Amino acid sequence: MLAVADVLSSGEARLRDLPWRASRDPWKILIAEVMLQQTQAMRVIRRWHDWCRWYPTPADLSGVPLGDALRRWQGLGYPRRARDLHGAAAAMVQRHDGQVPDSVEQLQALPGIGPYTARAVMAFAFERDVGVVDTNIARILARTAGTKLTRSTVQSLADALVPDGQGWLWNQTLMDLGATVCRPKPSCEACPTAATCRWHQAGNPMPDPAAGSAGVSTPQAPYEGSDRQARGRTLAELGRGANATARFDRRIVEGLILDGLVVERDGELHLP
DNA sequence: ATCCCGAAGG
DNA sequence: CCTTCGGGAT
């Protein structure tokens, strides 16, 4: 079992200074967590400050056309996230009096919010003692247990480990540990869990029990030459103004229309 | 090439 | 269960 006290004290000593960690505003935490889905923290910082200034409440985001949000998401990738955050903002205005709901069930009912993000908001905004399972924490728990874990086992284990009243610090510390020490290639000599980590005690045998990170993180297809690259380029161009449909790859455009990221009117393509 | 504080659709 | 979905850093 994890040495909870050692992990907690290591976190108090060297937690990375990320700006959203100074906030408990549920909406700003939600913006950060959505941006952090598949995008590294260092690349999110500047964009998070911008969005908090432009859209300080859900009503501010839901009050602008989706196209505005998409333009202001440009460069972060996965524009569905901006579309869904815009939709979630509208749903919060409609169903929750413009507030971010404070239950896992209500959060997960919003578009773009899954198991990770719902629990991250509960732990990091509302300071509830829930286990937050991202790719980092899943990796740490699998290695500590010394065996590959299923998704639901990791969640139960994560929930059970949270020290009473310290869900915020505990989860932030574990994530940080995964991002800086218990990385895919680990630095076990610097790890506060080394004394209790079964994988380390066994001499880090292959295969790494964290391989696949309990299914929370999925392998990536190559980006160069992919549809994702073509979609990104198309959206970037459309963000600069309406364009004749004929200038773009039809199959890519169809996909973007299907995803609600592009609309076609009078032979021209526009952001929604 | 690999890695990111994942979610939704099939 | 499976695949798709951006983009930058290393």
Side-chain angles (χ1 to χ4, degrees), chain A residues 11 15-16 18-21 29-48 70 73-85 87-88 104 107-125 130-141 150-152 154-155 158 167-168 170-186 208 210-237 239 251-252 254-256 258-262:
Chain A
L15 209 58
R16 286 179 298 171
L18 300 171
W20 41 89
R21 289 180 171 167
I29 299 295
L30 177 58
I31 294 173
E33 292 303 335
V34 170
M35 287 184 172
L36 287 164
Q37 293 168 5
Q38 301 290 284
T39 304
Q40 281 141 338
M42 292 311 143
R43 225 153 46 77
V44 165
I45 293 175
R46 178 176 300 272
R47 312 301 298 273
W48 181 74
L70 290 174
W73 195 267
Q74 186 61 53
L76 273 172
Y78 295 123
R80 286 173 178 175
R81 295 185 292 172
R83 177 201 66 190
D84 289 343
L85 191 55
V104 169
L107 284 163
Q108 267 196 245
L110 299 170
I113 301 185
Y116 165 76
T117 307
R119 288 175 175 81
V121 169
M122 292 300 287
F124 301 143
V130 299
V132 180
V133 178
D134 74 322
T135 184
N136 289 312
I137 294 183
R139 184 169 57 242
I140 293 171
L141 296 185
T150 67
R151 184 57 218 264
S152 79
V154 175
Q155 184 63 59
W168 189 95
W170 172 254
N171 285 293
Q172 295 284 20
T173 302
L174 275 191
M175 282 192 178
D176 229 58
L177 193 62
T180 62
V181 176
C182 191
R183 300 178 55 78
K185 291 183 174 223
D208 182 349
S213 295
V216 300
S217 175
T218 56
Q220 278 287 13
Y223 178 59
E224 193 62 32
S226 67
D227 283 3
R228 285 182 294 143
Q229 183 181 44
R231 287 162 57 102
R233 287 174 174 168
T234 301
L235 277 185
E237 200 161 341
R251 189 178 58 82
I252 295 299
E254 293 285 4
L256 288 169
L258 204 61
D259 283 346
L261 298 170
V262 168

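Scope of the values below: all heavy atoms of this structure, side chains included, with no hydrogens, waters or symmetry mates. Convention: sequence-line order gives letters A, B, ...; per-chain numbering from 1. Keep in mind it's a predicted model, so treat the numbers as computed, not measured.
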Under the 3.5 Å rule, do the base of C:dG6 and the side chain of A:Tyr78 count as making a donor-acceptor pair?
yes
Considering only side-chain heavy atoms of A:Arg139, which listed nucleotide, B:dC4, C:dG6, B:dC5, is closest?
B:dC4
Is A:Gly75 touching bases, backbone alone, or none of the nucleic acid, heavy atoms closer than 4.0 Å?
sugar-phosphate
Looking only at the side chain of A:Gln37 (C-beta and beyond, no hydrogens), which of the listed nucleotides B:dC5, B:dG6, B:dC4 gets closest?
B:dG6
At what distance, to the nearest 0.5 angstrom, does CZ of A:Phe124 lie from CD of A:Gln172?
4.0 Å
Report which part of the nucleic acid A:Arg83 touches: base, sugar-phosphate, or nothing (heavy-atom distance under 4.0 Å, all strands).
nothing
Between B:dC5, C:dA9, B:dG6, which one does the side chain of A:Arg43 approach most closely?
C:dA9
Think A:Tyr116 has a side-chain N or O under 4.0 angstrom from the OP1 or OP2 of B:dC5?
no
Give one of base, sugar-phosphate or nothing for A:Leu235, where a contact means two heavy atoms less than 4.0 Å apart.
nothing
To the nearest 0.5 Å, how far apart are CD1 in A:Ile113 and CZ in A:Arg119?
12.5 Å
With nearest nucleotide decided by heavy atoms, which residue, A:Pro184 or A:Gly114, maps closer to the 5′ end of DNA chain B?
A:Pro184
Nucleotide nearest A:Asn136 (side chain, heavy atoms from C-beta), chosen from B:dC4, C:dG6, B:dG6:
B:dC4
Measure distances between side-chain N and O atoms of A:Gln40 and base N and O atoms of B:dC3, and say whether any donor-acceptor pair falls under 3.5 Å.
yes
Contact class for A:Ser226 (heavy atom, under 4.0 Å): base, sugar-phosphate, or nothing?
nothing
Students often get this wrong, so: under 4.0 angstrom with heavy atoms, is A:Asp176 touching a base, only sugar-phosphate, or nothing?
nothing
Looking at C:dG7, does its base get a donor-acceptor pair with the side chain of A:Gln229 below 3.5 Å?
no
Report the distance from atom CG of A:Leu70 to atom CG of A:Leu261, rounding to the nearest 0.5 Å.
6.0 Å
Can you tell me, in whole Å, how much space there is between the P of C:dG8 and that of B:dA7?
23 Å
Just to be sure I understand the rule, does A:Leu110 reach a base, reach only the sugar-phosphate, or reach nothing, if contact means heavy atoms closer than 4.0 Å?
sugar-phosphate
To the closest 0.5 Å, what do you measure between CG (A:Asp227) and CZ (A:Arg251)?
4.0 Å
Side chain of A:Gln172 only, please: which of B:dC5, B:dG6, C:dC5 is the nearest?
B:dC5
Listed range with range, the stems formed with DNA chain B by at least 3 consecutive Watson-Crick or G-U pairs (under 3.5 Å) are B:1-4 with C:7-10, B:6-10 with C:1-5
Under 4.0 Å between a side-chain N/O of A:Gln38 and OP1 or OP2 of B:dG6, yes or no?
yes
Where the side chain of A:Pro115 is concerned, which of B:dA7, C:dG7, B:dC5 is the nearest nucleotide?
B:dA7
Taking the side chain of A:Glu33 as its heavy atoms from C-beta onward, which of C:dG6, B:dC5, C:dG7 lies nearest to it?
B:dC5
At what distance, to the nearest 0.5 angstrom, does OH of A:Tyr78 lie from CZ of A:Arg83?
13.5 Å
Does A:Arg231 reach a base, just sugar-phosphate, or nothing at all? Heavy atoms under 4.0 Å.
sugar-phosphate
Worked verdict on A:Arg81 versus A:Thr39 for side chain to side chain donor-acceptor pair (under 3.5 Å)
CA-CA 11 Å; A:Arg81 295 185 292 172; A:Thr39 304; 3.0 Å; yes
For a quick test of reading the model: is some side-chain N or O of A:Arg81 closer than 4.0 Å to OP1 or OP2 of B:dC5?
no
Between A:Gln37 and A:Tyr116, is a side chain to side chain donor-acceptor pair (under 3.5 Å) present by the stated rule, with each step listed?
CA-CA 9 Å; A:Gln37 293 168 5; A:Tyr116 165 76; over 6 Å; no
If you look at every strand shown and take non-hydrogen atoms under 4.0 Å, does A:Arg119 touch a base, only sugar-phosphate, or nothing?
nothing
Would you call A:Gln108 and A:Thr117 a side-chain contact if the rule is heavy atoms closer than 4.5 Å?
no
Whole-angstrom distance between C:dT4 and B:dC5, as gauged at atom P
24 Å
Keeping A:Arg43 on the side-chain end and A:Leu76 on the backbone end, is there a donor-acceptor pair under 3.5 Å?
no
For a quick check of understanding: with a heavy-atom distance under 4.0 Å over all strands, which category does A:Glu224 fall into, base, sugar-phosphate or nothing?
nothing
When the nearest nucleotide of DNA chain B is assigned to A:Pro222 and to A:Leu18 on a heavy-atom basis, which residue is associated with the more 5' position?
A:Pro222
Under 4.0 angstrom, heavy atoms only, what part of the nucleic acid is A:Ala41 near: base, sugar-phosphate, or nothing?
sugar-phosphate
Test for a donor-acceptor pair under 3.5 Å between the base of C:dG6 and the side chain of A:Thr39, counting only N and O atoms.
yes
